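In what follows, chains are A, B, ... by sequence order, proteins preceding strands, each numbered from 1. Since this is a predicted model, take the numbers as computed values, not measurements.
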Amino acid sequence: MRYWLVKSEPDVFSFADLQAAPKKTTHWDGVRNYQARNTLRDEMKRGDRCFYYHSNAEPSGIAGICEVVREGYPDHTAFDKKDPHYDPKSKPDAPTWYMVDVKAVKAFPRLIALGELRDVAALKGMVLLQKGSRLSVQPVTKKEWETICAMAGVSAT
DNA sequence: GCCAACGTTGGC
DNA sequence: GCCAACGTTGGC
């Protein structure tokens with residue numbers, strides 16, 4: 001099993017929104033970055049766990065844990081002219097953009113803020129904390145996963 | 001709201 | 001293929 005971090009602006013779709021969604025599940029659509037696309041299409045597998053990160057928030061930080069319940073498939077919002085994420089170069093028979101489905105597993109008892117993460121030596125190498133890092137889907141190591149779960153006071157498994 | 005850091009686009 | 005201009009992300 002692998003670990004990931006996915007970003008969402010809580011004003012748009014928060015972890016609480018995911019918990020309130022039907023089956024606590026949603027399409028992780030709208031990613032329009034090739035590196036993140038490759039992760040979504042090729043690397044994220046059923047049962048992988050993801051931190052759910054709130055970006056552009058007060059404060060920004062990790063709100064909970066979700067799980068991949070459907071592996072990469074074409075992001076149909078790219079085909080819809082009326083969708084804000086419409087992209088004419090993505091065709092149904094040759095899709096450019098992919099998405100997965102994720103399901104809420106557990107909210108953290110409290111949000112672990114970005115500032116707290118920066119204070120932890122064991123997390124220095126975390127993709128999220130690198131200067132200029134803005135990948136919306138990114139890998140998390142097992143050690144980082146366990147460290148952050150311990151900070152939040154939740155089981156890492 | 002500002003702005004630094006990126007990624008993408010398009011002229012050449 | 002280079003690179004300037006532009007748009008976006010996201011912390012602060």
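Considering only side-chain N and O atoms, Lys131(A) lies nowhere under 4.0 angstrom from the phosphate OP1 or OP2 of dA4(B). For dT9(C), the OP1/OP2 oxygens have no side-chain nitrogen or oxygen of Lys7(A) closer than 4.0 Å. Distances shorter than 4.0 Å separate none of the side-chain N or O atoms of Tyr53(A) from OP1 or OP2 on dT9(C).
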Practice problem: Give the intermediate values and the outcome of salt bridge (charged side-chain N to carboxylate O under 4.0 Å, His left out) for residues Glu116(A) and Arg110(A). | Solution: CA-CA 12 Å; Glu116(A) 287 183 71; Arg110(A) 65 185 184 88; 3.1 Å; yes
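Side chain to side chain, Thr77(A) and Arg32(A) meet the donor-acceptor criterion of an N or O pair below 3.5 Å.
Between Lys91(A) and Asp93(A) no salt bridge is recorded (no basic side-chain N to carboxylate O distance below 4.0 Å). Taking the charged nitrogens against the carboxylate oxygens, Lys124(A) and Glu144(A) have no contact shorter than 4.0 Å, which rules out a salt bridge.
Going from atom CG of Leu5(A) over to atom P of dT9(C) covers 16 Å, rounded to whole Å. Put simply, NE2 on His85(A) is 18 Å from P on dG7(C), counting in whole angstrom units. What separates CG of Leu128(A) from P of dA5(B) is a distance of 17 Å, to the nearest Å. Lys89(A) has its NZ atom 10 Å from the P atom of dG10(B), to the nearest Å. Distance Asp87(A) CG to dG7(B) P: 18 Å, rounded to the nearest Å. Per the geometry, CD belonging to Gln130(A) stands 14 Å off P belonging to dG7(B), to the nearest Å. The separation between Leu114(A) atom CG and dG10(C) atom P is 12 Å, rounded to whole Å. dG7(B) atom P lies 13 Å from atom OH of Tyr34(A), rounded to whole Å.
Residue Asn56(A) is the one, among Arg32(A) and Asn56(A), whose nearest nucleotide of DNA chain B lies closer to the 5' end (criterion: closest heavy atom).
Judged by distance alone, with hydrogens and angles left aside, the side-chain atoms of Lys103(A) form no donor-acceptor pair with the main-chain N or O of Thr26(A) at under 3.5 Å.
Separation of atoms NZ (Lys81(A)) and CG (Asp87(A)) is listed at 11.5 Å; rounding is to 0.5 Å.
Applying the ring pair (Phe, Tyr, Trp, His ring centres under 6.0 Å) test to residues at least two apart or on different chains, the pairs with a partner in residues 23-45 of chain A are His27(A)-His76(A), Trp28(A)-Tyr52(A), Tyr34(A)-Trp97(A).
For DNA chain B, the neighbouring residues in residues 132-140 of chain A, judged by any heavy atom under 4.0 Å, are Gly132(A), Arg134(A).
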